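Report on the structure given below.
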Amino acid sequence: MIKTYGLQLTGESIRQIDPVSYLDMLSLEKNAGAILTDSGGVQKEAYWFNVPCFTLRAETEWWKR
């Protein structure tokens with residue numbers, strides 16, 4: 001979607017990377033300052049790691065209680 005809409009990621013703290021394995025993804029999530037995602041699974045993992053998560057869609061399966 002970034003390419004489709006001509007968006008650009010800027011700033012040193014924002015990185016666009018190639019796909020990674022599940023364990024590498026968990027490590028990235030655990031050490032992130034914040035996460036932007038449309039994935040329900042990544043939302044839940046961010047919660048487990050106590051990392052702020054911005055959900056990039058209108059609905060979510062997860063609600064912090």
Side-chain angles (χ1 to χ4, degrees):
M1 297 312 293
I2 291 169
K3 290 179 184 176
T4 300
Y5 289 102
L7 303 174
Q8 294 189 12
L9 300 176
T10 59
E12 293 180 20
S13 62
I14 299 175
R15 289 181 244 155
Q16 181 178 349
I17 61 172
D18 291 329
V20 296
S21 71
Y22 178 68
L23 292 178
D24 287 340
M25 183 66 176
L26 288 177
S27 179
L28 289 167
E29 292 170 357
K30 183 177 180 180
N31 295 293
I35 296 173
L36 287 75
T37 186
D38 65 351
S39 165
V42 172
Q43 291 173 51
K44 192 62 165 181
E45 291 159 0
Y47 170 77
W48 289 332
F49 292 130
N50 199 32
V51 174
C53 182
F54 298 89
T55 304
L56 305 176
R57 59 185 174 143
E59 299 177 359
T60 182
E61 301 84 13
W62 308 106
W63 295 96
K64 185 176 179 180
R65 297 181 192 261

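Everything numeric here is computed off the predicted structure, so don't read it as measured data.
- Neither M25 nor L56 shares a network with the other; the hydrophobic side chains, linked directly or stepwise wherever heavy atoms of I, L, V, M, F, W or Y lie under 4.5 Å apart, form separate groups for each.
- W48 and I35 fall into different hydrophobic clusters, defined by Ile, Leu, Val, Met, Phe, Trp and Tyr side-chain heavy atoms under 4.5 Å apart, directly or through other members.
- Following chains of ILVMFWY side-chain contacts shorter than 4.5 Å, one can reach F49 starting from V42, so the two form part of one hydrophobic cluster.
- The two residues V20 and L28 make their nearest non-hydrogen contact at CG2-CD1, 4.0 Å.
- The hydrophobic clustering, which links ILVMFWY residues whose side-chain heavy atoms are closer than 4.5 Å, places L26 and Y47 apart.
- Checked against C53 for a side-chain contact (heavy atoms from CB on, under 4.5 Å), the options K44, E45, Q43 give a single hit: Q43.
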